[in-house]
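Worksheet: one structure, shown below.
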Protein chains: 2
Amino acid sequence: MARPRTFDRNEALERAVALFQVHGFEHTKVPDIVESLGICRQSLYNEFGDKRGLYLAVLERYGQREIDNKLALLQSPGSPLQNLLTVIRGWAALASQCPADGCLTAAALVEHRDDAGVLAVVEAQVDRLEAGFAQALRAAQAAGELRASVDPQRIARSLTNSCYGLGLLSRLPGSAARIGDSVAAMIAMIDAAAVSGSER
Amino acid sequence: MARPRTFDRNEALERAVALFQVHGFEHTKVPDIVESLGICRQSLYNEFGDKRGLYLAVLERYGQREIDNKLALLQSPGSPLQNLLTVIRGWAALASQCPADGCLTAAALVEHRDDAGVLAVVEAQVDRLEAGFAQALRAAQAAGELRASVDPQRIARSLTNSCYGLGLLSRLPGSAARIGDSVAAMIAMIDAAAVSGSER
DNA sequence: GACTTTCTGGAATGCTTGGTCTATTTAAGG
DNA sequence: CCTTAAATAGACCAAGCATTCCAGAAAGTC
């Protein structure tokens, strides 16, 4: 009956992610979105409601992509401790592209500080990452890789905090060395809590 | 000769700090500034040039105030290690006012991501805090409180990263527990590097 | 007490922006 | 082949914004 749409929602969202990640919400103008997505203005509004609706979809998608990625690594078979270290080391990649685009989620926390809808999405993402870390840490304890005396949640929260710190400071032009050291310190913290670390 | 100004620059700046900290740059409207500062529009432009000029002055002032405060604590007489722990514990206060206004400097990094002037100010502030931490850590080593084998700069950078992470995540309504745990982990990291911590 | 320089208050301006409206095209169903 | 519902293209609109302009007031100086 009706004319089918010519654009792909997923592809459009991915392009929008890139736009918002680079320029932020306010500095991403609707005409820029229209051009970059190769979509007509009206279709944009039909599909997403308004600019904020698009942004919300973008934020969720970005979070899904990024955090799913980490969680998959954390839950992959093998040593939970090694998986954890692999994920942490992954953040060091920020150093090589510094100044990086930065974490969209972290930016959302600043740009939409009093938009309860956005904050709820952000909080859910933070919670998910934190829970993933905590689960990996508990698994490491169960596997005898991590000392039973350490508190998985406390370390998970600390790691999560550090990760969002990196997603923020990586925006700074001269932060490559900072990132490397921060990641190294995170790894050292985990090592110190590992069984081989101080219970030899 | 001329009519003297009736407003106090310092007081005006302090009020502007509060405004920008709460609402961010874009959402702080010039009429709001005019009203809150109790200053007429033209005087504002005469004094600071434009909105960005005011913001830059505000950012510098905020950074001076906050970081001078930490540095003074870090350099106060007595045990460098205890001073460091005192400063770190200070961040736990964020938990009690969570969601907090958040760190103006951290917000600047997001809101003015491609304003080189703002970024330079931010970087200088990050450097200053990091240097303060590093100096305290070296002093602690010199005092025999901290193991000589740890790298002061690495820990300083990690602490700095965590602190800005806190300044960001404290915006999240449910982050009080997160903040407490992150601070506890920072303290644990320092304790682990202390001489009494593992070289008894 | 007059003069000059700055401050003050508010109106005016011009630009940028997100969002909408209308006419037109497109493709599938009967 | 005609109908129909949706997508497209681009002009259009109205609101919000930072900034400037202008006339009047105030306060030191000579």
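Below, read A as the first sequence line, B as the second, and so on, with proteins coming before strands; counting in each chain starts at 1. Keep in mind that the numbers below use all heavy atoms, side chains included, and drop hydrogens, waters and symmetry copies.
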How long is the gap from [atom1] on [X] to [atom2] on [Y], to the nearest 0.5 Å?
X	Y	atom1	atom2	result
His27(B)	Glu111(A)	NE2	CD	9.0 Å
Arg171(A)	Asp114(B)	CZ	CG	10.0 Å
Leu129(B)	Leu71(B)	CG	CG	7.0 Å
Asn83(B)	Ser76(B)	CG	OG	3.5 Å

Applying the 4.5 Å side-chain criterion to the ILVMFWY set and letting contacts propagate, would [X] and [Y] be lumped into a single cluster?
X	Y	answer
Leu84(B)	Val195(B)	no
Leu37(A)	Val34(A)	yes
Ile155(A)	Leu85(A)	yes

Anything under 3.5 Å between a protein N or O and an N or O of nucleotides 10-14 of chain D, put it in a table, one pair a line.
none

Next item on the list: Take the C1' atoms of the five end pairs on each side of the helix from dG1(C)-dC30(D) to dG30(C)-dC1(D), derive the two axes, and give their angle rounded to 10 degrees.
Entry: 0°
Margin query: Just to verify, what does Phe25(A) make a ring-ring contact (aromatic ring centres under 6.0 Å, His included) with, not counting sequence neighbours?
Written below: Phe20(A), Tyr55(A), His112(A)
Margin query: For a quick test of reading the model: is some side-chain N or O of Ser43(B) closer than 4.0 Å to OP1 or OP2 of dT8(C)?
Written below: yes
Next item on the list: Apply side chain to side chain contact (heavy atoms under 4.5 Å, CB included) to Tyr45(B) and list each qualifying residue two or more places apart in sequence or on a separate chain.
Entry: Val30(B), Arg41(B), Asp50(B)
Checklist line | Which residues share a side chain to side chain contact (heavy atoms under 4.5 Å, CB included) with Glu123(A), sequence neighbours left out | finding: Asp127(A), Leu172(B), Pro173(B), Arg178(B)
Please give, in whole Å, the distance from [N] [atom2] to [X] [atom1]?
X	N	atom1	atom2	value
Asn46(B)	dT8(C)	CG	C1'	11 Å
Ile39(A)	dA6(D)	CD1	P	17 Å
Phe7(A)	dT8(D)	CZ	C1'	11 Å
Leu54(A)	dG19(C)	CG	P	10 Å
Lys51(A)	dT17(C)	NZ	P	9 Å
Phe48(B)	dA18(D)	CZ	P	16 Å
Tyr45(B)	dA12(C)	OH	C1'	14 Å

Check: Of all heavy-atom pairs between Asn161(A) and Gly165(B), which one has the smallest distance, and what is that distance?
Finding: OD1-C, 3.1 Å
Check: Which of residues 9-37 of chain A sit near DNA chain D, with a heavy atom under 4.0 Å from it?
Finding: none
